[in-house]
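To keep things clear, I will list the structure first and then write my remarks on it.
Every chain is numbered from 1, with letters handed out A, B, ... down the list of sequences.
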Amino acid sequence: MTRAKRDFGTIRKRANGRYQAYYMGPDQGFHRAPSTFQTKSDAEGWLAAERRLIQNDEWSPAKSRRAKVRRATEAFGPYAEAWLAQREIKQRTRALYRRQLDRFILPAFAEMSLRDITPPVVRTWYTSIDPTRPTQRAHVYSLLRAILNEAVRDDILAKNPCTIRSAGIAKRQRPIDPASPEEIVTLMNEMPDRYWAFVIIAAWCGLRFGELAELRRGDIDVKTGLIHVRRAVTWDHSTPVVGTPKNGQQRSVSMPPHIVDVVSAHLDRFVERPSDALLFPAVGDSTRQIHSNTVRRHWIKAREAAGRPHMRIHDLRHTGAVLAALAGATPKETMDRLGHLSAEAAMRYQHVARGRDAEIAAKLSELAGY
DNA sequence: CGCTGGACAAGGCACCTATA
DNA sequence: TATAGGTGCCTTGTCCAGCG
């Protein structure tokens, strides 16, 4: 029986002619190869591989690695179900993930073992998802990546096979294209007069639809020109739900002086006296908030007339943000006005405004005859 | 019968926080 | 500063009921 001592590990020839290898691990424990080897060089190869793991700091006791291999053959389906069940997320997000799993992810991967989900497999799957729905595609990809990231953290996978660059980022489809002051006037005039103030407040003060729909007489201070945005309405099926504005940010927005008259006339003509009377109530029920589809129906006609057939109601808010920036508001001031929490959101409008400013400067030069 | 307000589901965009 | 992981809300398309 020979026993060759080496600089890493030991190889021992057994009586039956096979070779056995073992070494002392970083954990100071004794680790033997799971089986003996036919040749000495096979044993050496095993030792070299173990040593590389230690050097790369990827080593773990062989026993637990075997457990890992077993778990890696676990099917994706059950793993994903457990992942979703254990996640602490909002009901709404859970429902979203459920749909995405059922429609896009499980049909492709449910039966596969985690180990068999390789980057090429993911790539092939990714290209099979409708690219004309980029937001959905990015979201679904993100979800798969998040689940497999958990498998990495669980030490089931060494690396996440979702390696497509930027695939999880949903780019905005349309550039921010605010309405000009002239277009705002046209849009307003093309709407029924009970919505004039709606358009003008959205465009010049940048309120969200849900904030406008929940505005009440008491929120408007004609004297100081302030609109207090304290609440917003959302819809749970057919029931209006009143809460704080998105991000929980209450704020007060100054009306530009030129719109105060329109707003004040609106209060006189269309709003009931009590301070909790809605500015834009549902038709036929003054206690109920207007439904977005009701405004939209008129909006679609108005935007055609204004030559902006693709403009959405929410784009009026963008308009408000860009106009503020154009008027010289700093990013911080724009944030406060719009109720943003992050500077990035405000900066987007600042950029658009800078582009506009350059346009205006160019027009001025034209006027001057250059 | 066309118009209007409204319900509803699904998709998309806006915007956030944490973290590397 | 970029990316990942979440969450909220708006838009779109379609269908339906009530009404003049």
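For R194(A), the side-chain atoms get nearest to dG5(B) when compared with the rest of dT7(C), dG5(B), dC15(B). Considering only the side chain of H291(A), dA7(B) comes nearest among dG5(B), dT11(C), dA7(B). The side chain of R312(A) approaches dA14(B) more closely than any other nucleotide in the set dA14(B), dG6(B), dC10(C). In this structure, the nucleotide among dG6(B), dC10(C), dT7(C) sitting nearest to the side chain of H139(A) is dT7(C).
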Enumerate the protein-to-nucleotides 13-20 of chain C contacts in which both atoms are nitrogen or oxygen and the separation is below 3.5 Å.
unit_1  : atom_1 : unit_2  : atom_2 : d
dG13(C) : O6     : N293(A) : ND2    : 3.2

Check nucleotides 3-5 of chain C for protein N or O atoms closer than 3.5 Å to its own N or O atoms and list the pairs.
unit_1 : atom_1 : unit_2  : atom_2 : d
dA4(C) : OP1    : R145(A) : NH1    : 3.2
dA4(C) : OP2    : R145(A) : NH1    : 3.3
dG5(C) : OP1    : N149(A) : ND2    : 2.6
dG5(C) : OP2    : R145(A) : NE     : 2.8
dG5(C) : OP2    : R145(A) : NH2    : 3.2

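Partners of D193(A) according to the salt bridge (Lys or Arg N to Asp or Glu O under 4.0 Å) rule, which considers only residues two or more places apart in sequence or in another chain, are R269(A). Residues satisfying the salt bridge (Lys or Arg N to Asp or Glu O under 4.0 Å) criterion with E304(A), sequence neighbours excluded, are absent altogether. By the salt bridge (Lys or Arg N to Asp or Glu O under 4.0 Å) test, E183(A) is found to be paired with R308(A), residues two or more places apart in sequence or in another chain being considered. Judged as a side-chain contact (heavy atoms from CB on, under 4.5 Å), and not counting sequence neighbours, E111(A) has no contacts.
No hydrogens or angles considered: nothing links the side chains of T186(A) and N189(A) as a donor-acceptor pair under 3.5 Å. Side-chain N/O atoms of T224(A) and D221(A) include a donor and acceptor closer than 3.5 Å.
For the pair R303(A) and dT11(C), the criterion of a side-chain N or O lying under 4.0 Å from OP1 or OP2 is not met. Within the structure, every side-chain polar atom (N or O) of K301(A) is placed at least 4.0 Å from both OP1 and OP2 of dC3(B).
Side-chain contact between W125(A) and I105(A) is present, with at least one heavy-atom pair separated by less than 4.5 Å.
When the C1' atom of dA14(B) is taken as reference, atom NE2 of H318(A) falls 7 Å away, rounded to whole Å. Residue D102(A) contributes atom CG, which lies 13 Å from atom P of dG11(B) at whole-angstrom precision.
Hydrophobic clustering (ILVMFWY, side-chain heavy atoms < 4.5 Å, transitive): Y79(A) and M112(A) are in one cluster.
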